[in-house]
Each structure stands twice: as C-alpha cells, then as structure tokens.
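Here's the structure we're looking at; comments come further down.
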Amino acid sequence: MLIVKKFGGSSVADKDKIFNVARRCMEDYEKGHQVVVVLSAMGKTTDGLIAKAHEIDPNPPKRELDMLLVTGEQVSVSLMAMAFHVLGVPAISLNAAQVAMRTTSAYGTAKLKRINTERIRHELENRKIVIITGFQGINKYEDMTTLGRGGSDTTAVALAAALHADACEIYTDVDGVYTADPHLVPNARKLSEVSYDEMLEFASLGAKVLHNRSVEMAKKYGVQLVVLSSLTRAEGTVVKEGAKMERMLVSGVAVDKNTARISVIGVKNEPGIAFKIFNILARNHVNVDIIIQSVGREDRKDISFTVARTDLLEAMTLLNENKAAITAQDITCEEGVAKVSIIGAGMLSNPGVAAKMFEALYSANVNIKMIATSEIRITVLIDEADANRAVRTVHDAFDLAD
Ligand code: ASP
Ligand code: MG
C-alpha cells in the first residue's frame with residue numbers, strides 16, 4: 001500500500017512529538033507499505049514568522065512573506081528526516097521545489113496545478129520514507145509560494161491524488177469530526193463517517209478540522225480521507241462520498257462567531273441595487289453570507305447580510321463610500337452575533353428538520369435574526385451571547401449526544 005500521512009503543527013511541535021510521529025510512520029513502513037509524510041511547520045511557527053515580518057514591515061510584499069513562511073515547513077521536514085535517521089529508517093525530506101509542486105503565481109493564496117511524482121516514486125522504490133513540506137509550492141517564476149493558512153492538508157490530498165495513494169490520513173490534535181465542538185458540548189459524539197459535502201459545510205462554519213480546499217480537492221479526485229489524532233489510537237472520521245450517515249437526519253451542529261450583520265436601509269426599490277451593493281463587496285474580496293431582502297414598501301426596501309467580523313470594517317467603509325450610488329438612507333451593523341447551523345445530508349428531503357431546530361431555539365428562548373438554508377444546512381443568525389446555549393439545545397433536540 002502507498003499511504004500519505006499528514007501531520008499538523010501541533011503533532012510536530014517539539015522533539016518528543018517529532019519522534020512520536022516518526023515511530024508511528026515506522027509502523028507502516030515496517031509492514032512493507034510505502035510511506036509519504038506531509039508536515040506542517042512546528043507548533044505556532046507560522047504565526048511567529050508572520051509576527052516577525054510585521055515587526056519589520058506592517059505590509060510586507062507577498063513574495064517576500066512567502067519566502068519567509070516556507071521556512072517553517074522546511075524546518076519540520078528536515079528534523080523529521082533526522083529523527084528517522086536516529087531510528088535507523090531510511091528517509092529523505094523534499095521541499096516543494098524539489099518535487100515540482102507547481103502552483104498559480106498568487107503568493108499567499110496559490111493553488112496547486114500539478115506535481116511531478118517521479119522523484120517521490122523513485123525514493124519510495126528505494127524503500128525510503130519520503131517527507132514532504134506541506135503548504136509550499138513553486139510558481140512559473142520559480143518562486144516559492146504558499147497555499148494559504150492551513151494549506152498543508154491540501155498538499156497531502158494533492159499528493160494522495162497524484163500518487164494514487166491507497167490511503168490519505170490527516171493527523172491533528174482532535175481525533176475526528178464531532179457532532180459539535182466537544183469543548184462546548186461535552187457529550188458530543190465522534191462521527192465515524194461524513195460526506196465531502198457535509199465536511200465542506202462544517203469547515204466553512206468554523207469547524208477548522210480540515211482546510212476547505214483539501215476537501216474540495218478530495219471530492220474532485222475521489223480521495224478518501226481519514227481524520228485522526230497523532231496522540232491517541234482512537235479510530236478517526238472517514239470523509240468520503242455519500243457516507244452512510246448512520247441514518248441521521250442531522251450530522252452535527254456548528255457555530256461561527258466570526259460573523260457580523262450589515263443592513264443597508266431604505267434603498268430604492270428598483271432593479272440593479274443588489275447588484276451594486278454586492279459587486280462593490282465582491283470586487284474587494286469581501287465574502288457575503290446570509291442575505292435577506294425585505295419586501296419593498298412603497299419605493300424603498302432594506303437589504304441585510306452577514307460578513308466575517310474580520311471584514312466588517314472594510315465592508316462598512318466601502319458601503320459608506322458608495323452610500324449615494326447604492327441609494328441607501330442608512331447603513332447599520334451589529335457585531336455581537338453568531339451563526340448556528342445544523343448540517344446533514346439526511347435533511348435533503350425531510351421537511352420537519354427546520355421546524356425542529358426552530359422549536360428547540362424557541363424553547364431556549366433564543367431569538368432568530370436571520371435564516372439561511374442550503375440543501376444540507378440550516379443556519380440561523382442569533383445573538384452571540386445565546387450561541388453556546390443554542391448549540392447545546394439544538395444538539396439535544398436532534399439526539400446527537402453519545
Ligand atoms: N504552517 C501553515 C499554517 O500554519 C500551513 C499548515 O499548517 O497547514 O497555516
Ligand atoms: Mg491544519
């Protein structure tokens with residue numbers, strides 16, 4: 001078997017953890033498997049490097065920032081190779097340039113295009129464990145790029161696809177995907193399986209177990225993933241197409257507190273206004289989530305939507321600059337809000353699900369400000385102060401507990 005094993009920063013944070021990872025990889029190697037290891041930078045290294053950059057230059061050139069950030073992964077792969085050396089296992093570390101991990105040219109948000117697997121295959125055939133830097137790429141100018149925060153997951157999936165790996169294991173500090181954040185809901189249950197689409201919803205709602213693009217790529221290339229802990233031997237969560245869902249309507253409850261509401265009040269009730277508002281935001285890369293437009297009264301209407309709280313200031317500035325063009329009488333915003341969502345492929349054809357969620361919120365006296373739905377998700381916007389209670393109540397209502 002060819003196995004790709006990816007370990008996040010917390011799994012390689014210090015010497016003992018590096019040896020722990022090396023030993024776990026050795027087990028597979030000694031069974032005769034071919035082992036490719038993808039690593040993130042140690043612990044909070046990437047955060048530290050970004051902070052260092054900002055000490056020198058608050059707005060560093062993106063190319064130079066990537067030159068700096070790629071060093072984090074370079075450190076972990078070389079140290080890992082040394083650990084294997086000590087353990088007497090043949091291993092070699094390779095960075096993105098050495099395996100021609102080609103990406104688009106956008107520094108900081110590069111997308112993988114293709115990988116030359118020749119070198120990797122050659123080393124594997126020589127019975128070496130191959131350790132590859134996550135997160136990095138190389139663009140057409142032969143410059144180093146990075147795939148965006150958390151991008152090592154995507155490196156691992158891309159390698160698994162390119163090498164037609166038999167397994168792709170993503171090791172983190174949680175041992176799988178849960179029905180809710182176990183810190184918030186102590187009796188949350190680990191899911192044995194989750195579908196790609198559900199995983200994408202979980203990830204986009206702040207359950208940061210996997211990098212979103214890694215799940216998209218896994219879905220596209222049919223790479224089955226397992227999310228596991230590097231510290232325990234517990235069985236992880238399998239992410240795959242059309243998982244059986246254990247016949248559950250709802251697979252989990254997610255909360256996202258990085259959210260804020262904006263209302264554009266009293267715009268003209270005529271064609272083109274929504275286009276103008278959202279075009280201004282889109283041009284400036286501000287992502288918009290739940291959108292509600294009121295029914296027009298006389299010649300005016302209101303449009304409300306949510307943005308990431310980290311984008312609020314920029315969004316408000318842009319809208320205020322364009323207040324006349326978008327015919328707004330007033331623009332208001334609110335920060336202390338949160339999104340609570342239920343996710344489940346099983347809700348597709350089940351009309352009662354939304355009502356059940358709203359009933360649970362009503363029983364907990366939680367007021368709903370906005371509602372949005374997709375085929376496999378129902379999201380409500382509520383006061384942030386109610387969020388944790390709402391998650392627990394909804395989790396209970398759908399009997400998700402252990
Ligand atoms: N080291 C990078 C980060 O911290 C990439 C990763 O960990 O996946 O974002
Ligand atoms: Mg990660």
Side-chain angles (χ1 to χ4, degrees), residues 4-14 17-18 20-21 36-54 60 62-81 93-97 99 101 103-104 106-112 115 131-139 143-161 168-175 177 199-200 202-204 206-218 223 225-231 236 239 258 308 310:
V4 174
K5 300 167 91 74
K6 183 263 170 179
F7 296 88
S10 53
S11 303
V12 292
D14 57 33
K17 292 198 168 137
I18 288 178
N20 168 57
V21 166
V36 174
V37 183
V38 177
L39 298 183
S40 293
M42 294 168 71
K44 302 245 171 275
T45 300
T46 309
D47 291 334
L49 291 170
I50 292 172
K52 274 204 175 71
H54 288 159
K62 291 202 163 108
R63 178 190 182 280
E64 302 309 331
L65 187 61
D66 275 0
M67 274 298 269
L68 180 67
L69 294 190
V70 296
T71 62
E73 273 66 16
Q74 186 86 32
V75 169
S76 43
V77 295
S78 47
L79 292 178
M80 187 62 69
S93 66
L94 295 169
N95 66 20
V99 296
M101 189 94 62
T103 68
T104 55
Y107 302 102
T109 54
K111 296 210 162 63
L112 281 168
I115 303 170
I131 312 155
I132 298 178
T133 49
F135 183 52
Q136 302 183 349
I138 180 168
N139 69 12
D143 278 344
M144 303 302 293
T145 53
T146 64
L147 307 181
R149 296 307 306 271
S152 299
D153 295 339
T154 302
T155 308
V157 173
L159 279 165
C168 184
E169 303 167 350
I170 310 279
Y171 290 83
T172 62
D173 48 3
V174 295
D175 61 1
V177 181
M199 193 64 232
L200 283 168
F202 275 115
S204 65
K208 291 273 169 278
V209 189
L210 286 174
H211 195 225
N212 238 345
R213 286 221 321 268
S214 73
V215 184
E216 279 163 14
M217 189 178 291
V223 176
L225 307 176
V226 193
V227 179
L228 324 124
S229 159
S230 57
L231 300 174
V239 186
N258 177 21
T310 37

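Start at 1 and go down the list; that is how both ligands and their atoms are numbered. Values in this document were obtained by computation on a predicted structure and should not be read as measured data.
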query: Taking atom types as modelled and ignoring hydrogens, do the side chains of Asp66 and Thr146 form a donor-acceptor contact shorter than 3.5 angstrom?
result: yes
task: Select the closest option to atom 9 (O) of ligand 1 among His211, Arg149, Gln136, judged by heavy-atom distance.
output: Arg149
- request: Would you check whether Gly134 reaches within less than 4.0 Å of ligand 1, judged by its heavy atoms?
  value: no
query: Would you say Gly150 and ligand 1 have an N/O pair spaced under 3.5 Å apart?
result: yes
task: Please confirm whether Ser152 comes within less than 3.5 Å of ligand 1 when only nitrogen or oxygen atoms on both sides are compared.
output: yes
- request: Taking all non-hydrogen atoms of both residues into account, name the closest pair between Leu112 and Thr154 and its distance.
  value: CD1-O, 4.1 Å
message: Do Thr133 and Met101 make a side-chain contact, defined as non-hydrogen atoms from C-beta onward lying under 4.5 Å apart?
response: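 Not in contact.
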- prompt: Excluding sequence neighbours, so at least two apart, what forms side-chain contact (heavy atoms from CB on, under 4.5 Å) with Asn212?
  reply: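 Listed in chain order: Leu200, Ala203, Ser204.
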